[in-house]
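As structure tokens, the structure follows; a few thoughts come after it.
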Amino acid sequence: MGTGYLKVETRAAGGAIPIAGARVQLLDLAGQVLFEAYTDQNGETPPLELPAPDKSLTLDPGYTQPANSAWIVVVTKAGFVQKRIRGVEVVDTQTSILTVQMQPDIRGNSETEETIIPPIGLLADDRSQVGNKSGLGQRVLSEVTIPNAITVHLGKPADTGARNVRVPFADYIKNVVSSEIYPTWPTNAIVANIHAIVTFALNRVYTEWYRSRGYNFEITNSTAFDQSYREGGQVFENISRLVDDYFNVYVHRLGFKNPFFTSFCNGTTVICAGLAQWGTVELANQGRTPIQILRDYYPSDIQLSAGTHFSDVVVSYPGYSLGIGSRGSAVQTMQNYLNRIRVNYPLIPRIDNPDGVFGEETRAAVLAFQKTFNLPQDGVIGRDTWNKISNIYVAVTKLGELESEGERIGIGQEPPRTTITQGARGPDVLQLQFILNAVAAYYESIPVVIQDGVFDARTKNAVTEFQKVFGLTQDGVVGPSTWRMLYQVYHSIFEQITPPPPPPPPPIVDHPYPGKPLRDGSTGADVRLIQSCLNAIGKAYPNIPRLTVDGVFGPKTQAAVVAFQQQFMLGVDGVVGPVTWEAIIRQYDLLTGGAQADNLEYPGRPLKVGMRGDDVRLMQGFLAELAACHPVLIKLDVDGVFGPHTEHAVKVFQERFELTVDGIIGPVTWYAIIEEVNAVRC
């Protein structure tokens with residue numbers, strides 16, 4: 001008999017809010033309470049030490065019984081639905097992490113929601129691996145994009161009674177890997193299985209395998225068709241850390257960008273043409289690398305590539321780790337993100353001076369973040385920590401935006417008395433969409449909608465899912481009963497969950513709304529400012545297209561504004577009115593700390609040899625920052641004096657970006673420098 005560990009985390013709103021003070025009881029399968037603990041301010045219990053079968057059994061392909069111990073976890077918190085999870089697994093020498101998503105008790109009847117975790121996929125493999133290995137004949141997306149989240153159907157494809165859940169992609173992969181294999185396997189075997197599981201899921205997304213057949217999900221949790229996802233199941237700490245490193249790495253054949261169809265099975269009770277999970281252990285023990293293991297099962301010309309296109313949440317990783325002594329806009333972005341996250345997770349210390357310099361204060365915040373989210377605690381922002389900070393930042397800010405948006409829309413106590421259906425438009429639809437998005441943060445099966453005041457098919461789908469969750473007639477019509485339930489649920493959520501206080505405002509640049517909306521045909525400095533800000537925001541949200549900063553509001557600028565409005569659930573009209581203006585400036589400040597937004601407007605005179613002052617200093621700073629990303633550029637001392645060295649640096653920049661080479665910073669060079677700084681963000 002060995003020893004394993006179990007840590008319980010209580011969260012709400014997709015991880016945006018920790019639930020402190022929840023009572024966590026650990027029971028054996030006979031129902032006897034063995035331990036009791038309460039969650040701290042970060043919604044966590046200390047690790048509990050538990051017995052588990054000896055580790056050797058997890059490495060024996062001939063052992064057909066579960067090589068883990070199983071437990072019952074009950075989580076209770078006043079005002080929330082009690083959660084009872086049966087079958088939580090603990091493995092010898094490993095730490096299991098059980099994240100329990102808490103939901104407000106809307107009906108106030110102290111109901112209990114029970115989840116039964118099925119056995120590990122190795123022991124219950126029924127795959128036939130139905131699928132199109134080539135992807136031919138399917139709708140195929142134009143880019144391999146790593147999705148922010150994936151919609152999982154909790155049953156076989158044709159099971160219309162099964163629920164859909166929307167799961168962050170990295171969390172989905174952690175769950176599947178923890179559900180398919182043992183965490184005690186050699187690291188190279190685990191990584192090879194991660195690559196196969198990631199690629200299988202991306203193949204389903206890329207070929208739109210289910211969407212093209214009329215289903216409203218990307219993948220199922222049925223092992224007869226796809227791979228094992230166990231709703232409410234634990235993940236293993238070592239697997240979680242490996243997935244943070246590899247969740248965007250996928251398999252493809254040489255000369256093809258599409259994710260290969262990486263079929264797999266356990267290789268003992270089920271034999272298939274693809275990867276044998278147990279076989280990866282033997283190959284890893286022979287010293288094979290992950291790619292060598294994969295090539296033993298798939299074509300010899302397969303390659304591994306890291307997806308660089310992310311949807312929604314991930315700011316582009318600069319390609320190098322940030323630690324003590326690092327400096328620049330990438331450091332400042334992470335400092336601002338951590339300060340915002342600590343509003344929800346108060347055990348993360350505040351960075352008092354987010355100046356883009358990585359000092360001990362920043363390291364302390366990174367260490368606390370890594371401890372909170374089960375990452376290696378090295379105080380360094382590598383790819384895994386960068387991605388996790390970005391994900392949590394988006395979760396907490398979207399929730400905060402919903403709360404502030406609610407004040408603007410004005411949700412009262414009494415619901416509208418109208419009946420609205422698909423095709424309707426107006427303020428009642430806008431109010432409906434706001435409430436749906438607020439509720440969707442706590443109920444993952446309800447999809448998020450674009451808040452544009454138009455009752456479209458997506459809004460109807462969200463209404464139907466809301467009606468399904470809360471036991472109403474599923475007709476997609478918002479009449480009196482649905483309105484009452486929407487308001488009841490909305491108010492119950494915010495009665496039970498006290499939102500954290502708003503964060504201290506970032507350094508806001510003095511760029512007030514110019515007094516008139518910017519739209520197609522507008523020109524001038526205000527347009528240039530918005531174009532520059534949108535380019536910077538687009539580095540965090542790649543669906544916002546990059547613009548030429550020319551001060552002309554044309555179709556491309558309108559498209560970028562529309563993409564921004566869709567991303568942040570504003571009214572979608574392609575016009576920069578006061579609400580959109582404020583949102584763009586606010587998002588820019590959150591991303592950059594406001595440091596680059598000041599003095600964006602051309603000063604009205606060219607900068608050249610002999611000049612000095614803040615305008616020169618600003619351009620020198622930008623050119624020095626760009627030199628870190630473009631080795632051909634000249635790194636400058638930022639002294640505010642435009643001398644021969646600065647002139648030479650300007651000429652090199654102009655030559656590099658195909659501008660008139662005169663060594664003078666006129667309006668074209670001025671805005672080209674700003675545009676490139678906002679675009680690179682290195």
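The model shown is predicted, which means the values in this text are computed figures rather than measured ones.
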**OP:** Step by step, work out the side chain to side chain donor-acceptor pair (under 3.5 Å) result for T464 and Q474.
**Re:** CA-CA 5 Å; T464 302; Q474 298 169 43; over 6 Å; no

Original post:
Using a distance-only test with no angle check, is there a side-chain donor-acceptor pair under 3.5 angstrom linking T418 and D428?
Top reply: yes

**OP:** State whether a side-chain donor-acceptor pair under 3.5 Å links E9 with N374.
**Re:** yes

Classify the ring geometry between [X] and [Y] as parallel (under 30°), tilted (30 to 60°) or perpendicular (over 60°).
X	Y	result
F373	F369	tilted
Y337	Y393	parallel
F470	Y443	perpendicular

Is any side-chain N of the basic residue among [X] and [Y] closer than 4.0 Å to the acidic one's carboxylate O?
X	Y	result
D244	K174	yes
E44	K7	yes
E218	R166	yes

Is any side-chain heavy atom of [X] closer than 4.5 Å to a side-chain heavy atom of [Y]?
X	Y	value
N248	F169	no
V81	T112	no
Q41	P18	no
Y229	V167	yes
K388	L375	yes
T151	N216	no
Q422	T459	no
L486	F466	yes

Subject >> Q488 atom CD, over 12 foreign heavy atoms within 6.0 Å >> reply: yes

Taking atom [atom1] of [X] and atom [atom2] of [Y], what is their separation to the nearest 0.5 Å?
X	Y	atom1	atom2	result
Q101	I19	CD	CD1	9.0 Å
E113	M102	CD	CE	10.0 Å
F455	T421	CZ	OG1	6.5 Å
N164	I219	CG	CD1	12.5 Å
I420	K460	CD1	NZ	13.0 Å
I435	Y487	CD1	OH	4.5 Å

Between [X] and [Y] (side chain of the first, backbone of the second, donor and acceptor by atom type, cut-off under 3.5 Å), is there such a pair?
X	Y	answer
R342	I348	yes
Q531	T557	no
Q103	Y442	yes
S178	N175	no
K77	A20	yes
Q467	V477	yes
T39	G21	yes
S445	R163	no
Q25	E36	no
S222	A224	yes

Which atom of [X] lies closest to which atom of [Y], heavy atoms considered:
X	Y	answer
C533	I584	CB-CG2, 3.7 Å
S390	M334	OG-CE, 4.2 Å
T10	A22	CG2-CB, 4.1 Å
A560	I544	O-CG2, 4.0 Å
P514	D526	CB-OD2, 3.2 Å
A201	I150	CB-CD1, 4.3 Å

Subject >> Single hit among V100, I85, T99 for side chain to side chain contact (heavy atoms under 4.5 Å, CB included) with V8 >> reply: V100

**OP:** Walk me through it: do R230 and E89 pass the test salt bridge (charged side-chain N to carboxylate O under 4.0 Å, His left out)?
**Re:** CA-CA 12 Å; R230 300 184 292 181; E89 297 169 352; 2.8 Å; yes

Subject >> Trace of the side-chain contact (heavy atoms from CB on, under 4.5 Å) decision for Y38 with T45 >> reply: CA-CA 6 Å; Y38 286 83; T45 68; over 6 Å; no

**OP:** Compute the ring centroids of Y172 and F247, then answer whether they are less than 6.0 Å apart.
**Re:** no

Subject >> Cation over ring face, R211 and W209, 6.0 Å, 45° >> reply: no

Original post:
Going through the checks in order, is the side-chain contact (heavy atoms from CB on, under 4.5 Å) test met by F217 and V152?
Top reply: CA-CA 6 Å; F217 50 82; V152 185; over 6 Å; no

**OP:** In sequence, state the C-alpha distance, the side-chain angles, and the governing distance for W483 and T419, and then conclude on side-chain contact (heavy atoms from CB on, under 4.5 Å).
**Re:** CA-CA 9 Å; W483 273 124; T419 296; over 6 Å; no

**OP:** List the steps, then state whether side chain to side chain donor-acceptor pair (under 3.5 Å) holds for S96 with Q234.
**Re:** CA-CA 6 Å; S96 298; Q234 81 291 315; 5.4 Å; no

Subject >> Chi angles and distances behind the side-chain contact (heavy atoms from CB on, under 4.5 Å) call for Q565, T580 >> reply: CA-CA 7 Å; Q565 291 170 329; T580 299; 3.1 Å; yes

Subject >> From CA spacing to verdict: side chain to side chain donor-acceptor pair (under 3.5 Å), Y210, D226 >> reply: CA-CA 11 Å; Y210 289 110; D226 297 300; 2.7 Å; yes

**OP:** Apply side chain to side chain donor-acceptor pair (under 3.5 Å) to the pair N221 and Q227, showing each step before the final yes or no.
**Re:** CA-CA 6 Å; N221 75 338; Q227 47 199 15; over 6 Å; no

